[in-house]
Amino acid sequence: MPDIPKAYEPQSVEEKWYDFWLKQNCFSANPASTKPAYSIVIPPPNVTGMLHMGHVLNNTIQDILARKARMDGKEVLWLPGTDHAGIATQAVVEKSLRKQGVMKHRDDLGREKFLEHVWAWKEKHGGIIIQQLKRLGCSCDWARERFTMDPAYSRCVQKVFVELYRKGQIYRGKRMVNWDPAARTALSDEEVEMLEEKGQLWHLKYPLLDDKGQPGADEFVVVATTRPETMLGDEAVAVNPNDPRYTRLVGRRCLLPLQNKPIPVIADDFVDPKFGTGCVKVTPAHDPNDYEMAVRHKLPLTVVIGPDGRMTEAAGEDFDDLDRMEARKAVVEELTEQGLLLKTEDYVHNVGYSQRSHVPIEPYLSEQWFLKYPSVEKAARAVEEGRIAFHPDRWSKTYSHWMLGLRDWCISRQLWWGHRVPVWYRKSAQSSAPATTSASNIWCDVDAPPDSENWTQDPDVLDTWFSSWLWPFATMGWPEQTETLKKFYPTTDLVTGPDIIFFWVARMIMAGYEFMGEPESGLPPRFGLPDALPFRNVYFTGIIRDKLGRKMSKSLGNSPDPLELIAKYGADALRFGTMRSAPLGQDVLFDEKDVELGRNFCNKLWNACRFRQMQGGEVQGEINPQLLTSDDRWILLKLDQAIREITTAFAEYRFNEATQTLYRFFWSEYCDWYVEASKATLAASPQPSAVNPQSASVRANTVAVIDFILSHTLRLFHPFLPFITEELWHGMGYHEDMPENQGGSSIMFARWPKPLDKNFHDHYGLTDSVLAFVTAKFDLVTQGRNLRREGNIPASRKVKYVFKPAGELSAHDADVVRLLLNAEALEIQPGYQPGKGTPAVHSELGTLYLPLEGLIDVTAERARQTKELEKAETEMAKVEQKLNNPAFAQKVPPNVLAEHQKRLAEWQAKRDRAKAALEALDG
RNA sequence: GCGCGCUUAGCUCAGUGGAAGAGCACUUCCUUCACACGGAAGGGGUCGCAGGUUCAAGUCCUGCAGCGCGCACCA
């Protein structure tokens, strides 16, 4: 690292090493490797998407896992790709084409032309998010990038459709579905968001008809509705058969206002007599329950709201072509005029909204394709019995609950962009319209029928999730039994958000069992893999929110652009800051300050290495146990502790804990204490001197300790901070002695640090007493610095401390204390007799005085000692209370008892010293 | 209605039955030869409320309250 800049400059460094990794093929996964496999498939982002903070969190975690696995000696496959996001992409392209004036509606272009435009759009924009992931440092095997509309992948989707169709799991049916009038397509139940809304409950009067079909003078049934516009399609009024108020009405007819149509009063158990008036208007074509009732009572269906959300001709002249919300107003107005609106109540209820278009869902009767979920039982048990582990585990409850109440999945979408349903209908002889749908007239196969001119393909495409549920194996070459599948399936970890637990996670597990699992009895093995499940662990990230706790969204404009953050702070900073504030299982309140913290941390790491470089000399490999200082031993112990904590945190997917440990170890322990203390030895000349023949070799030994710590620290940091660690790994020369494939070429493959074992501890004298000694030494320093503060002595003023040791204190340790106190001198005087009121602090090592010759601030000193005294007394009281409890001594473990007794003694000693000091001040 | 979270320093949050923690913000001091993207010393908490278990509870149990999120066909 020649001419090291004072501050870390990430931009050039990041680009350089990413190119290096790509050129060296560091990310490519080799199925022929003998190393154990580790694999992740990326949750495919939308092909037209842009990187947002959610991606940053999600993909940083995956990259951390992948990089850690490489350092653990695994053969790693992180398989990237994108999905085609049917509705979203089609909507974006349609909007753009309209804006350009290319079309008004896609029908203007026709299916083929329109799809050409979408593909062109995909070619232009589809790579953006992939490039952005690279900026973040993601170590995906890019050669294996997949897209859900790739020809091979599309064939997987079709094959799966055909298989399930032939097994009877997929069927076509006319059903009431969730219709998105903006996107003009059916949606699955999961794509409907129930939102609480303040609405109104309108009470409508329907005049009853007498025997002659004439409205009675004053006879009405009153129905309540939240959607008055649907009354135009009413076909009955229903009451509960056991409701005494209305039994006499059943069988009579009433007049549907506005339409002037007689409709029957029917009896149905569905009606809850206790709700509202106990009379329900029945709109068969626009409400799922009403539809069921209509089927039971053989009522006709009148469609008054069309697929575009506008009223149809059947709604009557006055309402035809009105938007459904305008129609609502118009209907209410008209009914009011006719005196048929009894009352309007405020009413809070839940309204289904399209998760895609954010418009209210319209229940809509249409012909759709449905899937009876396959392998549900196996998929449910896999999670319940722990073969797939959720992190945090609580999501498994959500999963199980969902698996219990499954309804058939509506998989067809009325779009053009997507996998077209592989079903053809035989054209009738007379026209090109599909003939009756009997078996011989339907062709369902991956390939079109040979006489395709006699057939018409189903116009619908499949739900995007119907393709992405195959992602873990369809990306690896299924249905061929590829080497990749053999090596890397099942995958190890999946990282995703809990919001797609139903959409994706559950369905992937089902698909795993259905298509990768054991064959049904009697059939030859279809796939020779031992395990069907698609992954073993699922890590659920939190949702990234802004610092006010709001979800990030384009419309709020509260979503920072990660690329701007990378440009400003560096990718490592963004990764570290995000991970540090993202606890397992909780939402993340993102604040740019977090990224700033990440940048500051990188700068600290940079400068710590720079400090080492300034000490000169080659990388020091060997540490001589004979020459270790107490500080050297202390930092080795702290490193050991950090390695253990971080390794455990990784095993439990507690990444924020790992980053916090790293932060604490490196900043608070290594930089704040060890580096400062090491300056005592580093100040010596690197050349042997006559005065102190050992100082040069002690100095070299300290440099060796620094190299040991830094080379370990860089490896511990690598999964979080890939760029700066690679830069420093090479810059510091730590790669030089490593085997080529274990850190010699890249820190990516350096071995993950192991905890320092017992032999190491014994060999280097890493003992509890060293730990206690150095802790006490540093405590003495903190107290000594406090003396200076309390006495209002500026840091710039050189002062002399006097130390009265309780035992032995080596010259080195005394020098460290002097240095850390920023003292001109530290006089060791075992028999020191302080003058009256000399400020002093105590530690296990002895008493430290700050003699100030006539400059003692008696008031300040008294205040300080009084505070000490009070603190000691309250702490004593706490411990005494416990110890005085007879049950305590009997039941508590001996070590805890001993610890409490020791604690009491310590506080007593402190109290006594504070008392004495106060008396001395007054005396 | 059912389920799941959350409630700890001014803010954002860690905390795994045995002395209340971090970052930011705040106060004071320091441009000392790694770093002002820095250093030092401080101030600041009846751990949402009420019970219970325990020698010992921020931590375990039971209620309650507030906030958030799922799921649920009641017009």
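Small disclaimer: the values here were computed from a predicted structure and weren't measured. Just so it is clear: chains get the letters A, B, ... in the order the sequence lines come, proteins before strands, and each one is counted from 1. Computed over heavy atoms, backbone and side chain alike; hydrogens, waters and symmetry mates excluded.
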Expressed in angstrom and rounded to an integer, what is the separation of [X] atom [atom1] from [N] atom [atom2]?
| X | N | atom1 | atom2 | result |
| --- | --- | --- | --- | --- |
| A:Asp591 | B:U12 | CG | P | 10 Å |
| A:Ile500 | B:C71 | CD1 | C1' | 18 Å |
| A:Trp395 | B:C4 | CH2 | C1' | 7 Å |
| A:Leu195 | B:G70 | CG | C1' | 13 Å |
| A:Asn884 | B:A56 | CG | P | 14 Å |

Both distances under 3.5 Å, Watson-Crick or G-U wobble: report the partner of B:A57, or none.
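For B:A57, the partner nucleotide comes out as none, under the 3.5 Å rule.
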
Which nucleotide, if any, forms a Watson-Crick or G-U wobble pair with B:G3, using both distances under 3.5 Å?
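In the structure as shown, B:G3 has B:C69 as its Watson-Crick or wobble partner.
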
Six-ring centre of A:Tyr670, A:Lys604 cation under 6.0 angstrom, axis tolerance 45°
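No, cation not above the ring by the 6.0 Å, 45° rule.
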
A:Lys882 NZ/CZ over A:Phe888 ring centroid, <6.0 Å and within 45° of normal:
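No, A:Lys882 and A:Phe888 do not form such a contact.
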
Between B:U28 and B:G44, how far apart are the two C1' atoms, rounded to whole Å?
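Looking at atom C1' only, B:U28 and B:G44 are 15 Å apart.
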
For B:A34, does the base pair up with any side-chain atom of A:Glu676 as donor and acceptor (N or O, under 3.5 Å, distance only)?
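It does, because a donor-acceptor pair links the side chain of A:Glu676 to the base of B:A34 below 3.5 Å.
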
Using only modelled atom types and a 3.5 angstrom limit, is any donor from either the side chain of A:Lys397 or the base of B:C4 paired with an acceptor on the other?
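Result: no qualifying N/O pair found.
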
Among B:C35, B:C4, B:C73, find the nucleotide with the atom closest to the side chain of A:Arg394.
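That would be B:C4.
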
Under 4.0 Å between a side-chain N or O of [X] and OP1 or OP2 of [N]?
| X | N | answer |
| --- | --- | --- |
| A:Arg903 | B:A19 | yes |
| A:Lys593 | B:C13 | no |
| A:Asn656 | B:C13 | no |
| A:Tyr291 | B:C73 | no |

Mind checking if A:Lys867 touches a base, just sugar-phosphate, or nothing, with heavy atoms under 4.0 Å?
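Sugar-phosphate contact only.
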
Using modelled atom types and a 3.5 Å cut-off, is there a donor and acceptor pairing between side-chain atoms of A:Arg788 and backbone atoms of A:Asn822?
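Yes; at least one donor-acceptor contact below 3.5 Å.
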
So with a 6.0 Å cut-off around CD of A:Glu844, is the heavy-atom count from everything else above 12?
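No, because the 6.0 Å sphere around CD of A:Glu844 holds 12 heavy atoms or fewer from other groups.
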
Give a yes-or-no answer on whether the side chains of A:Asp189 and A:Asn178 include a donor-acceptor pair shorter than 3.5 Å.
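Side-chain D/A pair, A:Asp189 to A:Asn178: present.
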
